Amino acid sequence: MERYYGSYSDWLEEESVKIPEVKPVKEAGPQKTKKKKLSYKDQQEWNTIEEVITELEEKIEKLDEEIAATGADFDKARDFYEEKQRAEDELEQKMERWEELSLLQEES
């Protein structure tokens, strides 16, 4: 690093002379994006995914009722709870997949 003898204003003037002018970058026009269509498999999944989601939601509600009805049978309650966790995980995956498919459906 070099020492500069002078005022800050002098230094700025000198530095601005050293820095080459930057040419403005041309902006690219709107790029054409190829619309994606749903594959046959995706279309089949799209046709049934809402029913699957509804069934999973009903299953989770039923398992909640079963858990509440078990009373002091902790082993049975634990089994119902584990099944409920699996159903909730599957429901979350299906909801995420539904979002992906709905975006693809809108684009096509």
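Here the structure is a predicted model, which means the values were calculated and not measured. Numbers for residues simply follow the sequence, beginning at 1.
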With clusters defined by side-chain heavy atoms of hydrophobic residues (ILVMFWY) lying less than 4.5 Å apart, directly or transitively, does Leu104 cluster with Trp98? yes

Applying the 4.5 Å side-chain criterion to the ILVMFWY set and letting contacts propagate, would Val52 and Leu63 be lumped into a single cluster? no

Roughly how far, to the nearest 0.5 Å, is the CD atom of Glu61 from the CD atom of Glu65? 7.0 Å

Find the distance between CD1 (Ile49) and CD1 (Ile53) and round it off to the nearest 0.5 Å. 5.0 Å

So CD1 of Ile67 and NZ of Lys76: to nearest 0.5 Å the spacing works out to 12.0 Å

Test of understanding: clusters of I, L, V, M, F, W, Y form through side-chain heavy atoms closer than 4.5 Å, transitively. Do Leu38 and Met95 belong to the same one? yes

Are any of the side-chain heavy atoms of Asp79 and Glu83 separated by less than 4.5 Å? no

Is the shortest side-chain N to carboxylate O distance from Glu100 to Arg97 below 4.0 Å? yes

Atom pair CZ (Phe80) and CG (Asp75), whose distance is rounded to the nearest 0.5 Å: 12.0 Å

Taking all non-hydrogen atoms of both residues, which atom of Ala87 and which atom of Leu56 are closest, and how far apart? O-CD2, 4.2 Å

Does the side-chain contact (heavy atoms from CB on, under 4.5 Å) test come out yes or no for Asp42 and Glu45, once each step is laid out? CA-CA 5 Å; Asp42 289 341; Glu45 186 178 6; 4.2 Å; yes

Taking side chain as C-beta onward, heavy atoms only, is Tyr40 less than 4.5 Å from Gln43? no

Quick one: are Lys59 and Glu55 in side-chain contact, heavy atoms under 4.5 Å? no

In plain terms, say whether Glu66 and Lys62 are close enough for a salt bridge, that is, a side-chain N and a carboxylate O under 4.0 Å apart. no

Compute whether any side-chain donor of one residue and acceptor of the other, for Gln85 and Asp89, lie under 3.5 angstrom apart. no

Could you tell me the separation between the CG atom of Leu91 and the NZ atom of Lys94, rounded to the nearest 0.5 Å? 10.0 Å

